[in-house]
Amino acid sequence: MLQDYLLEENLPHFWCAGCGSGIVLQSLLRNIDKQGWKREDTVVVTGIGCWGKADDYIKTNTFHGTHGRALAFSTGIKLANPDLHVFTLMGDGDGITIGGNHLIHAARRNIDLVAIMVNNLNYGMTGGQYSGTTPRDAITKTSPYGHIETGFDVCRVVQAAGGSFVARGTVYDVVQLNKLIEQAIAHKGFSFVEVISPCPTHFGRSNHMAAAVEMMRWIKEQTVPLARAASMSPQELEGKFVTGVFENSQREDYSTAYQRVVDRLKGEAG
Amino acid sequence: MKKEIIISGVGGQGLILCGTLLGEAAVIHDKKYATLSSEYGVETRGTFAKSDVIISDREIYFPDATQPNLVVCLAQAAYARYSGAVPKGTLLLYNADEITGDPARAGCEWGLSLTSMARAQGAAATINIITLGIIAGMTDTVTLAGAKDAVEEFFSPKGQKIVQMNLGALELGYQTGMQLRRAASA
Amino acid sequence: MGKIRFMQGNEAMTEGAIAAGARFYAGYPITPSTEVAETSAIRLPQVGGVYIQMEDEIGSIAALIGAACAGKKAYTATSGPGLSLMAENLGVAVLGEVPCVIIDVQRSGPSTGMATRPAQGDVMQARWGTHGDHAMIALAPSSVQDCYDLMRTAFAYAQRYRTPVIFLADEIIGHLRERCVIPDPEEIPPAEQPDAIGNLQEYRPYDHTNGLAPLAAYGSKHIFKINGSMHDQMGRPCADPQNADQVIRHLSEKIEGAKDEITLTRAYRMEDASYVLIAYGGTARSALSAMELARAEGIPVGVLQLVTVWPVAEKEIDAALAQVKAVVVPELNLGQFIGEVRVRNRRNIPVVGVNRVDGKPIEPAEILEKLREVMA
């Protein structure tokens, strides 16, 4: 039951109307619930930002640390007790901007955890400034004349860094999102899911999509499934959100590799 | 008994190992107190470095040599720093194969052909072990038995051949040190 | 009896940490602390512990904190530049009340400074390195034996007060090799364990109404929230002014109020002392040698060594100030601690520093000279 994982005493939640965070939270908790784990064996680690508030509504163990460092806290938790199921919830600020260094290294090490980065293309909590994923030309509070930088394709970054499961979905397609999170949980190793999510309050309002439905429609229009993207030119794919599973490969995770060293030393000593 | 020794040269000459083995011999085998503090640059190789070793019957507080009994110089940069700068009564020993000594100080400094001695032992790298032997022979810091134990323990993972070569170097250094000691007191 | 070893300070810290039950190290190598990382990388896997080299010091302390929440005694080693990066998450350990031990082998600063040269320039950084009101515990070893023995104390304090503890070493001690007695394994007392959490209906990780609740571990029967933002007793975010006031006062009070337990000092020849040298860390050894030189000249000098630098050993400093005619405070900085002595100087006696920032240790003769100056 969703109620086994949703901390209802803290509801109503903090997010704005039209925000996608609640959709991702529901998808995540339903997927965790399906696993049949003991609740005490799960730890949810969050960063700072709108999506970083998710731990307020989750009944498992939680850790709420600092902006951008969620994966580093998670690394310590997972390595200290590899039996724990660790989920790391980050925004685009946490995940790829201030915390980009931790992201590439957690992917490279193949730490066995599920990282869900909700990408709303700007800093929502602080009022709508640009982040490392804000698209070129977008208006934000700190790019009032149009953004001159190019946003990261975060999935490509994580894939290049060695993440063994890498996928992108959107809150528009919840069926796909559920499936991606399900696959991420089933995968052993660093499992990364980027979720494109609307921020009508800030990104939307600054870019002629103040109504929640307009922003959702825009995400739908910008979305291209991976299969279709294969036949499109780079020009056609400019600014599009390609969705699907980019990487799903088996590679020994960090804790397993580390345990092999410990066992070998034990064998040599004994 | 309290003796202060400075082993100086450039990084990569095994100065710290020499000091460590001296300290191990004193502390573990001879049951004395010893400290080793080193000074070196950020470069691992090639710039001035030194190890201060203090050996005493009682606890040592300040671990840098302020009144050295013996200064060993294994590189010109080290010699340049210490020659003429050591307190009266401090013995300065230098590797004459590497260092051009100041003729004006010939009376109070002793040049030894340490590199040639080390090569004769089988490897120039044994220079730090010869130095260890000289220090043991010249000063009442560590016993030859203690130094032998320390050398043997350190080199044993590298095989008997290396152990024997270094024990030979130690012995040679020790005999040299004894001779210097006799000459100094004469 | 144990085993006598001729050991380096940094290596002794690793052995001391492991003997104290530490089983997790996350760090980023930095001179002059690297030997702690290197020896930990060898030793921890041998005892089933975890060593990981993180991408930076920010991540290192984050991993420590995470591991501590998952039930491991965790430590790291760094130097000034790394401690600067750790400042952010040091605050998470403070407000999140997560025990961990941070070794700072101080080197000459600011910035990259002189990597291989000793200094004690991080004394104030240890106290106030992270933002916001809080108390801090910092222990300064002055011998290789201290590096081993005090590590147990550091972990005990970290756990008892649920706080980060700074092990404020310096290059002098970190790289010093000297005699150190390592107890035989069967002689090592068991590490201090947290009090049983008991059969509380609902575990409250931040309940400090009757002493601070011990920290449970993720994966135990308790489910709990650790929060680096202001929180209530359950770890839920809470912006209530009364709650915030209580929590922040508690963070200071739990340490300042336990000063008698936390402050460790050593008095040398204080019985008949008319002058006192107050020193800590590697500089305490310069002070002790200076004391011997002065005593040989018939000057009645004692040394008060502050093993605990933070919180301030108020009683001991007060007693020394009441006893002597003048105080000399040698520090390898421009006088970061002397202010703590001066604010307690009710009799207005001379309190003077001996300060060196050239990357060289303070020589005993310099202290003696200063002593003669104040006596004149």
Side-chain angles (χ1 to χ4, degrees), chain A residues 7 9-10 14 38-46 48 52-53 55-56 58-86 98-99 101-106 108-109 111 254-255 258-259 261-266 268-269, chain C residues 23-26 41-74 76 88-93 95-96 98 100 205 216-229 231 234-238:
Chain A
L7 193 57
E9 66 190 58
N10 286 349
F14 147 104
K38 281 196 288 185
R39 215 152 43 87
E40 54 266 37
D41 292 339
T42 295
V43 186
V44 175
V45 181
T46 56
I48 302 290
K53 293 288 283 178
D55 60 295
D56 294 359
I58 297 176
K59 272 186 184 167
T60 66
N61 292 301
T62 60
F63 187 99
H64 185 75
T66 34
H67 189 44
R69 318 300 172 204
L71 276 169
F73 290 112
S74 302
T75 298
I77 293 167
K78 183 67 186 183
L79 268 45
N81 183 353
D83 295 334
L84 291 169
H85 309 293
V86 179
I98 192 170
N101 199 26
H102 307 302
L103 178 65
I104 56 175
H105 287 278
R108 176 180 64 83
R109 295 187 183 110
I111 310 282
Y254 191 96
S255 294
Y258 193 90
Q259 192 55 44
V261 174
V262 171
D263 291 344
R264 196 179 79 209
L265 292 174
K266 234 183 245 163
E268 283 169 11
Chain C
R23 291 296 180 270
F24 191 96
Y25 181 101
I42 295 169
R43 293 284 285 122
L44 281 168
Q46 293 174 346
V47 295
V50 175
Y51 171 90
I52 183 169
Q53 200 159 298
M54 293 294 286
E55 48 276 15
D56 56 28
E57 287 87 347
I58 302 171
S60 300
I61 183 168
L64 283 199
I65 293 167
C69 292
K72 292 273 196 262
K73 282 186 162 60
T76 187
E88 178 195 57
N89 286 332
L90 190 59
V92 173
L95 183 54
V98 180
C100 55
Y218 291 148
S220 70
K221 63 182 175 179
H222 299 286
I223 296 173
F224 61 98
K225 291 182 178 302
I226 290 298
N227 200 332
S229 295
H231 47 258
M234 294 300 290
R236 292 171 299 212
C238 178

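Quantities reported herein were computed from a predicted structural model and do not represent experimental measurements. Both backbone and side-chain heavy atoms feed into the values below; hydrogens, waters and symmetry mates do not. Letters A, B, ... mirror the listed sequences (proteins, then strands); counts begin at 1.
Residue with the most contacts toward chain A among Ala216(C), Gly48(C), Ala217(C), Gly49(C): Gly49(C) (heavy-atom pairs, distance under 4.5 Å). Chosen from Gly219(C), Gly71(C), Ala74(C), the residue pairing most often with chain A at heavy-atom distances under 4.5 Å is Gly219(C). In terms of heavy-atom pairs under 4.5 angstrom with chain C, the leader among Asp55(A), Thr60(A), Thr66(A), Ile58(A) is Thr66(A). For the set Arg264(A), Lys59(A), Arg109(A), the count of heavy-atom pairs under 4.5 angstrom toward chain C peaks at Arg109(A). Put simply, of Val43(A), Val261(A), Asn81(A), Thr75(A), the one with the most heavy-atom pairs under 4.5 Å next to chain C is Val43(A). Interface remark: of the candidates Gln46(C), Glu88(C), Arg236(C), Glu88(C) forms the most heavy-atom pairs closer than 4.5 Å to chain A. Put simply, of His105(A), His102(A), Gln259(A), the one with the most heavy-atom pairs under 4.5 Å next to chain C is His102(A). Put simply, of Lys78(A), Arg39(A), Lys38(A), the one with the most heavy-atom pairs under 4.5 Å next to chain C is Arg39(A). In terms of heavy-atom pairs under 4.5 Å with chain A, the best-connected choice from Val47(C), Ile52(C), Leu64(C) is Ile52(C). Across Gly59(C), Ala26(C), Pro45(C), Ala70(C), the residue that shares the most heavy-atom pairs under 4.5 angstrom with chain A is Pro45(C).
Both the backbone and the side chain of Leu79(A) come within contact range of chain C, judged by heavy atoms closer than 4.5 Å. Both the backbone and the side chain of Lys225(C) come within less than 4.5 Å of a heavy atom in chain A. Of the atoms belonging to Ser220(C), it is backbone heavy atoms, and not side-chain ones, that fall under 4.5 Å from chain A. Contact annotation for Val50(C): both backbone and side-chain heavy atoms come within less than 4.5 Å of a heavy atom of chain A. Only the side chain of Asn89(C) comes within contact range of chain A, with at least one heavy atom under 4.5 Å from a heavy atom of that chain. Contacts between Asp263(A) and chain C at a heavy-atom distance below 4.5 Å are absent for every atom of the residue. Heavy-atom distances place no part of Leu95(C) under 4.5 Å from chain A, backbone and side chain included. Only the side chain of Tyr258(A) comes within less than 4.5 Å of a heavy atom of chain C; its backbone N, CA, C and O stay farther away. Contacts between Phe24(C) and chain A at a heavy-atom distance below 4.5 Å involve the side chain alone, from C-beta outward.
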**OP:** Go through the steps to decide whether Ile61(C) and Leu90(C) satisfy the test side-chain contact (heavy atoms from CB on, under 4.5 Å), and finish with yes or no.
**Re:** CA-CA 7 Å; Ile61(C) 183 168; Leu90(C) 190 59; 4.1 Å; yes

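Nearest heavy atom pair, residue Ala68(C) against residue Val98(C), reads CB-CG1, 3.5 Å. Taking each heavy atom of Asn227(C) and Pro237(C) in turn, the nearest pair found is ND2-N, 3.7 Å. Smallest separation of non-hydrogen atoms from Ile226(C) and Cys69(C): CG1-SG, 3.9 Å.
Taken from CD1 in Ile58(C) to CD1 in Ile98(A), the straight-line distance is 7.5 Å, to the nearest 0.5 Å. Rounded to the nearest 0.5 Å, atoms OG1 (Thr42(A)) and CD1 (Ile223(C)) are 8.5 Å apart. Between the CE atom in Met54(C) and the OH atom in Tyr25(C) there is a gap of 12.5 Å [rounded to 0.5 Å]. Here the OG atom belonging to Ser60(C) is positioned 7.5 Å from the CD atom belonging to Glu55(C), to the nearest 0.5 angstrom. From Leu103(A), atom CG reaches atom CG of Leu71(A) across 6.0 Å, with rounding to the nearest 0.5 Å. Taking CZ of Arg43(C) as the reference point, atom CG of Leu265(A) lies at 11.0 Å (rounded to 0.5 Å).
Note on ring orientation: taking the six-membered ring where Trp is involved, the planes of Tyr218(C) and Phe63(A) are perpendicular (angle over 60°, cut-offs 30° and 60°).
Contact annotation: the side chain of His64(A) never approaches that of His231(C) to less than 4.5 Å [non-hydrogen atoms, C-beta and beyond].
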